[in-house]
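Only one structure is covered here, and it is reproduced in the block below.
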Amino acid sequence: QVQLVESGGGLVQPGGSLRLSCTASGFTLEYYTIGWFRQAPGKEREGVSCSSLSDGSTYYADSVKGRFTISRDNAKNTVYLQMNSLKPEDTAVYYCARKSARDRHYCGSWLPGDFSSWGQGTQVTVSS
């Protein structure tokens, strides 16, 4: 059974850092493109970052470029999202997601609808 579990969220002050983890079970994460998404109250789910299987390329939303870093630890079957210089507007529930087996090689447009399996999310709150 494919499962993704996010962890590492919490309350942090502006300018602080958090590292989110996305641990996979039921499949080998290194063989799939993985994305991080977030959803703030009253807003649509949006892409934050994507790690492509095909060539290891990584992509970031403009709003997080230079502050967030996506990485993989294949030995732990885990993908991370290191978030630095956090801002109040980063407050959201953060989700990791996996592409389907048929479409697993590329991030492409990395829209939420392009991803087939999702974790339950972890809350990140940036506030003083």
Side-chain angles (χ1 to χ4, degrees):
Q1 180 181 0
V2 172
Q3 193 170 16
L4 295 163
V5 178
E6 302 94 338
S7 61
L11 173 64
V12 63
Q13 291 187 343
S17 298
L18 284 174
R19 188 178 77 160
L20 305 184
S21 300
C22 170
T23 300
S25 60
F27 71 101
T28 303
L29 189 144
E30 71 175 297
Y31 298 142
Y32 286 83
T33 290
I34 301 295
W36 280 99
F37 297 82
R38 67 186 181 186
Q39 189 166 17
K43 294 189 176 182
E44 293 188 354
R45 192 168 296 189
E46 64 175 357
V48 175
S49 183
C50 186
S51 173
S52 175
L53 166 66
S54 61
D55 60 0
S57 295
T58 56
Y59 303 89
Y60 298 92
D62 288 344
S63 59
V64 307
K65 276 181 184 175
R67 300 188 297 121
F68 290 12
T69 304
I70 191 171
S71 63
R72 297 175 181 248
D73 185 337
N74 293 331
K76 295 183 177 180
N77 219 27
T78 298
V79 172
Y80 301 101
L81 185 69
Q82 178 66 43
M83 307 187 297
N84 299 328
S85 302
L86 283 161
K87 304 175 181 180
E89 51 263 44
D90 295 317
T91 295
V93 178
Y94 283 70
Y95 301 88
C96 64
R98 190 203 84 169
K99 282 208 162 184
S100 68
R102 184 173 61 182
D103 190 30
R104 60 190 175 93
H105 291 90
Y106 304 99
C107 287
S109 58
W110 57 290
L111 296 172
D114 298 336
F115 291 75
S116 60
S117 300
W118 292 79
Q120 84 290 346
T122 186
Q123 175 72 45
V124 171
T125 303
V126 185
S127 175
S128 55

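Because the structure is a prediction, the values reported are computed rather than measured.
A side-chain donor-acceptor contact under 3.5 Å links T33 to the backbone of H105. Here the side chain of D114 pairs a donor or acceptor atom with the backbone of L111 at under 3.5 angstrom. Checked by atom type and distance alone, the side chain of K99 never pairs as donor or acceptor with a backbone atom of Y32 at under 3.5 Å. Judged by distance alone, with hydrogens and angles left aside, the side-chain atoms of Q39 form no donor-acceptor pair with the main-chain N or O of A92 at under 3.5 Å. Without hydrogens or angle criteria, Y60 side chain to I70 main chain gives a donor-acceptor distance under 3.5 Å. Distance alone, capped at 3.5 Å, is enough to place a donor-acceptor pair between the E6 side chain and the Q120 backbone. Although no hydrogens or angles enter the test, the distance criterion places a donor-acceptor pair under 3.5 Å between the side chain of S49 and the main chain of Y59. T91 contributes a side-chain N or O that, together with a main-chain N or O of V126, makes up a donor-acceptor pair within less than 3.5 Å. Q13 places no side-chain N or O within 3.5 Å of a backbone atom of S128 that could act as its donor or acceptor partner.
M83 and V79 fall within a single hydrophobic cluster, where Ile, Leu, Val, Met, Phe, Trp and Tyr are joined by side-chain heavy atoms under 4.5 Å apart, directly or via other members. Hydrophobic clustering (side-chain heavy atoms under 4.5 Å, transitive across Ile, Leu, Val, Met, Phe, Trp, Tyr) keeps L11 apart from L81. By the rule that hydrophobic residues join a cluster once side-chain heavy atoms approach within less than 4.5 Å of another member, V64 and Y95 end up as members of separate clusters. Grouping the Ile, Leu, Val, Met, Phe, Trp and Tyr side chains by contacts below 4.5 angstrom, directly or via other members, places L4 with V124. Placement of V48 and L86 within a single hydrophobic cluster is found when ILVMFWY residues are connected by side-chain heavy-atom separations under 4.5 Å, directly or transitively.
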Identify each donor-acceptor pair in which a side-chain atom of residues 14-31 lies under 3.5 Å from a protein atom, sequence neighbours left out, and give them as a table.
{"residue": "S17", "atom": "OG", "partner": "N84", "partner atom": "OD1", "Å": "2.9"}
{"residue": "T23", "atom": "OG1", "partner": "T78", "partner atom": "OG1", "Å": "3.1"}

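Among all heavy-atom pairs drawn from G47 and A61, the shortest one is O-CB, 3.4 Å. The minimum heavy-atom distance linking G8 with T122 is given by the pair N-OG1, 4.2 Å.
Between W118 and F37, the ring centre distance stays below 6.0 Å.
Of the inter-residue distances, the one linking Y106 atom OH with C50 atom SG reads 13.0 Å to the nearest 0.5 angstrom. Put simply, CZ on R72 and CD1 on I34 are 5.5 Å apart, with the number rounded to the nearest 0.5 Å.
For R98, there are no salt bridge (Lys or Arg N to Asp or Glu O under 4.0 Å) partners, not counting sequence neighbours. Under the salt bridge (Lys or Arg N to Asp or Glu O under 4.0 Å) criterion, D62 pairs with K65, not counting sequence neighbours.
Between the side chains of T125 and S127, no donor N or O sits under 3.5 Å from an acceptor N or O.
The neighbour count for E44 CD, taken as heavy atoms of other residues, nucleotides or ligands under 6.0 Å away, does not exceed 12.
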